[in-house]
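Following: one structure in structure tokens, then a few remarks.
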Number of protein chains: 2
Amino acid sequence: MQRRNEISIGTLANRTGLAVSAIRYYETQGLVAPERNAGGQRRFLRSDIRRLSFVMIAQKFGFTLDRIREVLGRLPQNRTPTAKDWRLISQDFRAELDEQIEALTRLRDKLDGCIGCGCLSLDRCALYNPDDVASNKGTGPRYLLGDEAVRPEG
Amino acid sequence: MQRRNEISIGTLANRTGLAVSAIRYYETQGLVAPERNAGGQRRFLRSDIRRLSFVMIAQKFGFTLDRIREVLGRLPQNRTPTAKDWRLISQDFRAELDEQIEALTRLRDKLDGCIGCGCLSLDRCALYNPDDVASNKGTGPRYLLGDEAVRPEG
DNA sequence: GCTTGAGCTAAAGTTAGCTTTAGGAATTAT
DNA sequence: ATAATTCCTAAAGCTAACTTTAGCTCAAGC
């Protein structure tokens, strides 16, 4: 009962490399909205492969699922997104990314100033500007960019 | 019983802006190691203000506490760190940071290529190179891009 | 000397992003 | 027609980085 344009969760998992459980979780988070067949099983569209690929890429850049859902919300709801639709949101995405990289670079440059004075003290240090990098408020894990960027051990 | 060079956890909290509970947690994680007074209360050194300041900065850059503990381990254990000591580890730190920024920039450039083709598909997209940015941490076996190959069925 | 604020510990709760487990039901393969 | 997969749901578990709560002790001010 697998129509041309419909795929099962297992197939989607294989095509994206995601775990089946992860895809189900993404559904609860509103990142995909599959239909159900007569037996109650999820039927995804082929275009969901691209959709979830986007999710994975965005995560690699450090975006949260909430943020990603927002971005995906800019895709047309009433039809399957075209290449042009994806191009548009990828461009917005790139702009945010540029800002993130710049913020990080500014922060790094400030660290340079502090290496000079060796202070690292709250009283004087330029590093304590709250506007630097979007500071993740509240409890829970706070990660923006991968922690172990490159470990020297390799 | 507050000696010249010793401060209470409350004072340390005020000086760093951290919550008292956060400082206690950092102790369990081996990021600070205060002594105790006769009554069992923690007595920190003034130099711990700088130490925790470093922790906060490193977190702002997205480093995990585990990673930060490692970095702090390069400070001398037997004496209070000098400005020069801090300068040395800040430099190492900067190097890692540079790599992080570069990895992110490389990834962004690849996104540019994909905006061109609008593909965002696992089969073709350059974004799925496992060497890009260190894969996300988190729980359990997560086949993110690169951890476990994207199966050969193609 | 008594009250009040600061500290202490251990344990449980929180958020994000999932995975694992348990116990069935639907599909697919033989 | 079975057997073997795959899928389903709900609930619990896990990591990181903390906070909150409960119940008690210590220290400081009047």
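To find a chain, count down the sequence lines: A is the first, B the second, and so on, and within it residues start at 1. The structure displayed is predicted, hence computed values, not measured ones. What you see below is based on every heavy atom in this structure, not just the backbone, and it leaves out hydrogens, waters and symmetry mates.
- Base contact: A/Arg24 has a heavy atom under 4.0 Å from a base atom.
- Mapped onto DNA chain C by nearest heavy atom, B/Gly10 and A/Gln29 fall at different nucleotides, with B/Gly10 at the one closer to the 5' end.
- Summarising the geometry, the separation between CD on A/Glu6 and P on D/dC7 is reported as 14 Å, rounded to the nearest angstrom.
- Between A/Glu27 and A/Arg36, at least one side-chain nitrogen of the basic residue sits less than 4.0 Å from a carboxylate oxygen of the acidic one, meeting the salt-bridge criterion.
- The CD1 atom of B/Ile9 sits 19 Å away from the P atom of D/dT25 (whole-angstrom rounding).
- For B/Ser21, counting side-chain heavy atoms from C-beta on, the closest listed nucleotide (D/dC8, C/dC8, D/dT20) is D/dT20.
- Put simply, A/Gln59 has a side-chain N or O that comes within less than 4.0 Å of OP1 or OP2 on C/dC18.
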Discussion item. B/Ile7 vs B/Ile49, test: side chain to side chain contact (heavy atoms under 4.5 Å, CB included). Steps then yes/no.
Written reply: CA-CA 10 Å; B/Ile7 59 180; B/Ile49 297 171; 4.0 Å; yes
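- Of the candidate nucleotides C/dG17, C/dT27, C/dG7, C/dT27 has the atom nearest to the side chain of A/Gln41.
- At the phosphate of C/dT9, OP1 or OP2 sits under 4.0 Å from a side-chain N or O atom of B/Arg36.
- If you measure from atom CD1 of B/Ile23 to atom P of D/dC18, you get 11 Å, rounded to the nearest angstrom.
- Residues A/Asn14 and A/Thr11 bring no donor and acceptor atom of their side chains to less than 3.5 Å of each other.
- The shortest distance between the side-chain N/O atoms of A/Ser8 and the OP1/OP2 oxygens of D/dC7 is below 4.0 Å.
- A residue-by-residue look at B/Gly40 and B/Asp66 shows that B/Asp66 has its nearest nucleotide of DNA chain D further toward the 5' end.
- For the helix from C/dG1-D/dC30 to C/dT14-D/dA17, the rotation axes defined at the first and last 5 base pairs enclose an angle of 30°, given to the nearest 10°.
- At the phosphate of C/dG7, neither OP1 nor OP2 sits under 4.0 Å from any side-chain N or O atom of B/Asn37.
- In this structure a side-chain-to-backbone donor-acceptor pair under 3.5 Å is missing from B/Asp109 to B/Arg106.
- Here the nucleotide nearest the side chain of B/Tyr25, chosen from D/dA27, D/dA17, C/dC18, is D/dA17.
- A salt bridge links A/Arg69 to A/Asp66: at least one charged side-chain nitrogen sits closer than 4.0 Å to a carboxylate oxygen.
- Rounded to a whole Å, the CG atom of B/Leu65 is 4 Å from the P atom of D/dA17.
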Worksheet entry | Full working for side chain to side chain contact (heavy atoms under 4.5 Å, CB included) between A/Asp85 and A/Ile89 | CA-CA 7 Å; A/Asp85 294 323; A/Ile89 76 167; over 6 Å; no
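- Look at CG on A/Leu18: it is 12 Å from C1' on C/dG17, rounded to the nearest Å.
- The CG atom of A/Leu12 sits 11 Å away from the P atom of D/dC8 (whole-angstrom rounding).
- By the 30° and 60° cut-offs, the orientation of the rings of B/Phe61 relative to B/Phe93 is perpendicular.
- A straight line from CD of A/Glu27 to P of D/dA10 spans 11 Å, rounded to a whole angstrom.
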Discussion item. Set out, in order, the CA-CA distance, both residues' side-chain angles and the distance that settles side chain to side chain contact (heavy atoms under 4.5 Å, CB included) for A/Leu97 and A/Phe63, then state yes or no.
Written reply: CA-CA 10 Å; A/Leu97 202 51; A/Phe63 286 75; 4.2 Å; yes
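- Comparing the same atom, P, in C/dT9 and in D/dT15 gives a spacing of 24 Å after rounding to whole Å.
- Contact annotation: A/Arg42 does not reach the phosphate of D/dC7 (side-chain N/O to OP1 or OP2, under 4.0 Å).
- Per the geometry, OH belonging to A/Tyr26 stands 3 Å off P belonging to C/dC18, to the nearest Å.
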